[in-house]
Amino acid sequence: MAGHSKWANIKRQKAVVDAKKGKTFTQMSRAIIMAARSGIPDPNGNFQLRTAIEKAKAAGIPNDNIERAIAKGAGNLGGDNNTLEEICYEGYGPGGVAILVEALTDNRNRTAADLRLAFSKNGGNLGETGCVSWMFSQKGACVVESVEDEEKLLEASLEGGAESYEMTDTETADVFTDIGNLEILSQTLKVQGFKVTDVELRWIPGNYIEVADSEQARSLLKLIDTLEALDDVQNVTANFEMAEQLMAAMA
């Protein structure tokens with residue numbers, strides 16, 4: 001499973017280059033709404049909701065906003081957010097890079113129009129369902145920081161049912177598992193004393209396209225930035241790799 005962390009590393013590099021805070025309040029609130037709707041509106045018994053709340057708190061979202069989002073997801077409040085649906089859009093960026101866009105929307109026509117415009121203005125095109133999704137597989141991922149003993153991490157990961165792990169730098173690792181086993185893996189790593197800083201579902205590209213041309217890199221990063229800025233967009237994944245020096249030069 002080597003290479004599964006390439007896109008995650010690019011996302012981290014982009015965050016440094018762009019100096020962005022991350023998800024907007026709207027995006028994180030919608031994630032909480034969907035998590036509360038998909039299970040019980042109690043984080044103690046809903047792993048997806050608990051994870052969404054932890055990310056929202058880490059981003060500085062006030063507790064009142066979080067409680068309101070949970071209430072909306074549970075159907076205790078009215079409003080358009082109760083009509084949210086999850087949709088995965090697919091397309092191509094400059095150079096044929098495959099792009100998956102996960103969205104939460106209350107108006108799929110508006111979202112599709114916004115995405116189509118973003119793709120077309122930045123050298124890409126929005127495709128049909130299935131045009132690139134076959135290139136990706138979805139896994140559960142735990143990001144573990146402050147790893148001092150890699151052998152201990154391996155033992156804990158195996159105990160938690162992990163399929164593999166990758167060291168993304170000297171003290172940080174991504175540990176992968178089947179989607180249904182993610183909560184067990186996360187809990188096992190925490191019980192074993194590891195610092196789990198993020199838990200997520202991650203689309204893993206089966207192959208990567210190397211981007212070395214500066215103009216293509218600029219267009220591609222601008223496209224991804226434009227997509228991520230849309231309120232309806234929750235996550236963007238692409239199958240390219242790029243040298244850190246080139247990415248930094250795009251700043």
Side-chain angles (χ1 to χ4, degrees), residues 1-12 14-15 22-23 27-28 30-39 46-56 84-93 96-105 108 111-112 115 124 126-144 157-158 160-168 172-189 196-209 224 227-228 230 232-241:
M1 288 179 64
H4 280 194
S5 298
K6 287 182 181 177
W7 173 247
N9 288 341
I10 286 173
K11 295 273 281 188
R12 294 183 190 118
K14 280 179 81 284
K23 297 292 186 183
Q27 289 169 318
M28 287 194 166
R30 287 184 175 186
I32 292 172
I33 291 167
M34 291 301 295
R37 187 196 300 174
S38 65
N46 184 333
F47 176 64
Q48 182 183 352
L49 177 59
R50 186 164 68 251
T51 301
I53 291 173
E54 289 174 356
K55 290 183 178 181
L84 286 173
E85 59 178 325
E86 296 176 281
I87 307 176
C88 189
Y89 295 89
E90 307 175 35
Y92 292 94
V97 170
I99 299 177
L100 284 181
V101 182
E102 297 170 88
L104 289 177
T105 180
R108 59 168 59 203
T111 304
L115 290 174
L126 184 65
E128 299 295 329
T129 301
C131 68
V132 301
S133 58
W134 59 272
M135 302 182 196
F136 298 80
S137 59
Q138 196 173 40
K139 294 292 180 182
C142 291
V143 179
V144 184
S157 298
L158 290 174
E163 295 180 348
S164 69
Y165 77 93
E166 291 182 25
M167 298 300 300
T168 58
T172 305
D174 289 348
V175 186
F176 298 96
T177 188
D178 284 335
I179 295 172
N181 187 61
L182 185 56
E183 181 176 8
I184 293 174
L185 174 62
S186 174
Q187 291 175 340
T188 301
L189 291 171
V196 179
T197 58
D198 198 4
V199 179
E200 63 183 1
L201 300 182
R202 191 181 297 176
W203 286 102
I204 310 296
N207 58 74
Y208 288 84
I209 294 177
I224 292 173
L227 293 171
E228 290 179 333
L230 297 173
D232 292 343
V233 172
Q234 294 296 109
N235 192 43
V236 179
T237 307
N239 72 335
F240 73 91
E241 52 186 348

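Within the 3.5 Å criterion, the main-chain N or O of A162 finds no donor-acceptor partner in the side chain of S157. The backbone N or O of G160 lies less than 3.5 Å from a partner atom in the side chain of N181, making a donor-acceptor pair. The backbone N or O of T168 lies less than 3.5 Å from no partner atom in the side chain of D174, so there is not a single donor-acceptor pair. Looking at K55, its side chain never comes within 3.5 Å of a backbone N or O of D198 through a donor-acceptor pair. The backbone N or O of G130 sits less than 3.5 Å from a side-chain atom of E90, completing a donor-acceptor pair.
Rounding to the nearest 0.5 Å gives a distance of 13.5 Å between CH2 of W203 and CG of N239. Between Q27 atom CD and L230 atom CG the span is 8.5 Å, to the nearest 0.5 Å. Between the CZ atom of F176 and the CG atom of L182 there is a distance of 11.0 Å, given to the nearest 0.5 Å. A distance of 8.5 Å separates CG in D232 from CG in L104, rounded to the nearest 0.5 Å. Rounded to the nearest 0.5 Å, atoms CD1 (I179) and CD (Q138) are 4.0 Å apart. To the nearest 0.5 Å, the span separating OG on S38 from CD on E86 amounts to 7.5 Å.
The salt bridge (charged side-chain N to carboxylate O under 4.0 Å, His left out) check on E200 picks up R202, with sequence neighbours excluded. Listed by chain and residue number, K6 satisfy the salt bridge (charged side-chain N to carboxylate O under 4.0 Å, His left out) test with E241 (two or more places apart in sequence, or in another chain).
In this structure, Y165 and V144 have side chains that are not in contact, with every pair of non-hydrogen atoms separated by 4.5 Å or more. Between E183 and Q187, some side-chain heavy-atom pair lies under the 4.5 Å cut-off. Side-chain atoms of I99 and V132, non-hydrogen and from C-beta on, never get closer than 4.5 Å to each other. In this structure, L49 and I32 have side chains that are in contact, with non-hydrogen atoms separated by less than 4.5 Å.
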(message) Let's go through D178 and K139 carefully: what are the C-alpha distance in whole Å and the side-chain angles of both, what is the deciding distance for side-chain contact (heavy atoms from CB on, under 4.5 Å) to 0.1 Å, and is it a yes or a no?
(response) CA-CA 5 Å; D178 284 335; K139 294 292 180 182; 3.4 Å; yes

(request) Check the pair V175 / L185 against side-chain contact (heavy atoms from CB on, under 4.5 Å), numbers first and verdict last. (result) CA-CA 9 Å; V175 186; L185 174 62; 3.8 Å; yes

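The residue from R37, R30, R108 that alone fulfils the salt bridge (Lys or Arg N to Asp or Glu O under 4.0 Å) condition with E85 is R108. In summary, of the residues considered (L115, V233, T129), a side-chain contact (heavy atoms from CB on, under 4.5 Å) with Y89 occurs for L115 alone.
Closest approach of A238 to P205, counting heavy atoms only: O-CG, 3.9 Å.
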